[in-house]
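Here the structure comes first, spelled out in structure tokens, and everything after it is commentary.
Side-chain atoms are counted along with the backbone in the values below, which use heavy atoms only and exclude waters and symmetry mates.
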Amino acid sequence: MHESQMTEAHKRALIIAYFLSKYDRKGVRGIGFDSFNEAFERIGQILNVKSSTVKHMRDSFDPYCSQVRAGWYQRKILPSRANVIQAYDELSEQAMVQIVHQLLVGDDSSLNIFTAPVTVTEKTSKGLLDEENAFANRLRTGEKAEAFFVAQYPILTQFIGSTIEDTRKLGIGFDFRIVFPQTYLAIEVKGVCEKHGYISFTDKEWSVAKILSSNYLLALVRSLDYIPMLELVQNPFAYFKPQMRTVESVSILWNAKV
């Protein structure tokens, strides 16, 4: 099938095939199948594509994603495969499992964000910071919350004997590192304007929270528009049960009610 002739079903199959290539048998079990053959057959039936097509798609990803199969190493990578790898390569396995499940059960109209990642142009990116834009409002809320936490840090008894490092520009999944002589705590700061609201973790933040466990703290600043109150939540990965959602360019956020 020519690249330009791919149906929505084939686009979905392509993303699932990428997942199967990258996570191999662990991925097969993660989406509820016992073997690759069963996965190819059932995915083909659900999406109404040939099971052999799903297998061939997986094989086409193998030279770039698999650690156990060589795949079609002698072929030049197709643009559709390269686009999928670029769009999904930094997502966690947990996020990919949920995406695969939604690709298998959802309708096409709700899956455009998965099957057709949006490239944000310079023109559209400028609009993200418009005064009334929701993204800009969240950005300002985050900055206010971070400034409040930094101001409170010196008087927080939990952090006596520590130093604080700003890690916001390092892209490592948390905003500050609180360093003690023998250990450190990762601090992710979130804020809500009212007493209650919603916060979002990026997929990177949520993955790091899982790895660091009790050494990862959410510094939640409530009532930012009134009298701010700081609440420290240890191990937010175990504390919250958020819902995953997608945003343009296939970024992952995990939403939790606070």
Side-chain angles (χ1 to χ4, degrees), residues 89-95 120 122 125-131 133-240 242 244-258:
D89 191 50
E90 293 188 6
L91 300 192
S92 66
E93 180 180 355
Q94 182 185 18
V120 180
E122 182 179 355
S125 66
K126 290 179 180 178
L128 290 175
L129 295 179
D130 288 345
E131 193 66 24
N133 187 274
F135 176 85
N137 290 332
R138 288 198 303 272
L139 186 62
R140 286 189 290 272
T141 298
E143 291 172 346
K144 285 174 63 176
E146 291 160 6
F148 183 78
F149 171 77
V150 171
Q152 293 295 300
Y153 163 75
I155 61 175
L156 296 174
T157 57
Q158 301 96 318
F159 301 145
I160 291 176
S162 71
T163 57
I164 185 171
E165 297 178 357
D166 189 339
T167 58
R168 285 174 288 183
K169 294 184 178 180
L170 301 182
I172 57 177
F174 52 88
D175 294 317
F176 300 96
R177 184 186 283 115
I178 304 298
V179 182
F180 293 91
Q182 302 297 326
T183 187
Y184 77 90
L185 297 173
I187 307 293
E188 177 60 27
V189 182
K190 304 289 183 186
V192 287
C193 295
E194 307 287 338
K195 186 176 180 180
H196 298 284
Y198 284 91
I199 58 173
S200 292
F201 294 88
T202 66
D203 193 46
K204 180 66 172 287
E205 291 164 356
W206 198 238
S207 298
V208 174
K210 179 181 181 181
I211 293 168
L212 294 183
S213 185
S214 59
N215 278 10
Y216 194 104
L217 273 69
L218 167 66
L220 175 61
V221 184
R222 299 181 185 270
S223 300
L224 266 171
D225 286 350
Y226 304 96
I227 302 176
M229 300 177 294
L230 177 64
E231 176 183 341
L232 295 175
V233 180
Q234 189 174 34
N235 194 3
F237 185 87
Y239 185 85
F240 294 114
M244 189 191 78
R245 69 182 180 88
T246 58
V247 297
E248 289 187 353
S249 300
V250 198
S251 297
I252 294 295
L253 298 177
W254 298 85
N255 280 0
K257 187 173 172 129
V258 294

Dump the intermediate steps for side chain to side chain contact (heavy atoms under 4.5 Å, CB included) on L218 and F240, then the final yes or no.
-> CA-CA 11 Å; L218 167 66; F240 294 114; 3.5 Å; yes
Using atom types as modelled and distance alone, determine if a side-chain donor or acceptor of E231 lies under 3.5 Å from a backbone N or O of L220.
-> no
Given ring pair (Phe, Tyr, Trp, His ring centres under 6.0 Å), test Y216 with F237 step by step and report yes or no.
-> CA-CA 9 Å; Y216 194 104; F237 185 87; 9.7 Å; no
Roughly how far apart are I164 CD1 and I178 CD1, rounded to 0.5 Å?
-> 4.0 Å
side-chain contact (heavy atoms from CB on, under 4.5 Å) partners of S92, counting only residues at least two apart = Q94, A95, D203, S207
Kindly check if the number of other-residue, nucleotide or ligand heavy atoms within 6.0 Å of OH (Y198) is above 12?
-> no
Begin from the C-alpha positions of L156 and L230 and carry the test side chain to side chain contact (heavy atoms under 4.5 Å, CB included) through to its verdict.
-> CA-CA 10 Å; L156 296 174; L230 177 64; 3.8 Å; yes
So, K190 side chain and S200 main chain: donor-acceptor pair closer than 3.5 Å or not?
-> yes
Are the side chain of T167 and the backbone of F174 linked by a donor-acceptor contact shorter than 3.5 Å?
-> yes
On a heavy-atom basis, the closest approach of W206 and P236 is CH2-O, 3.5 Å
What class does the angle between the rings of F176 and F149 fall in, given that below 30° is parallel, 30 to 60° is tilted and above 60° is perpendicular?
-> tilted
Minimal heavy-atom distance between E146 and R168, with the atoms involved, is OE1-NH1, 2.9 Å
Residue list, side-chain contact (heavy atoms from CB on, under 4.5 Å) with A145, at least two apart or on another chain | V189, V221, L224
Between T141 and C193 the two heavy atoms that sit nearest each other are OG1-SG, 3.8 Å
Separation of Y153 OH from Q158 CD (nearest 0.5 Å) | 11.5 Å
Identify, with sequence neighbours excluded, every residue that meets side-chain hydrogen bond (donor to acceptor under 3.5 Å, both in side chains) alongside E165.
-> R177
Give the C-alpha distance, both sets of side-chain angles, the deciding distance and a yes or no for side chain to side chain contact (heavy atoms under 4.5 Å, CB included) between V208 and F201.
-> CA-CA 10 Å; V208 174; F201 294 88; over 6 Å; no
Taking all atoms of both residues into account, what is the closest heavy-atom pair of A186 and L212, and its distance?
-> CB-CD1, 3.6 Å
Verdict with supporting geometry, D175 and I187, side chain to side chain contact (heavy atoms under 4.5 Å, CB included) | CA-CA 6 Å; D175 294 317; I187 307 293; 5.9 Å; no
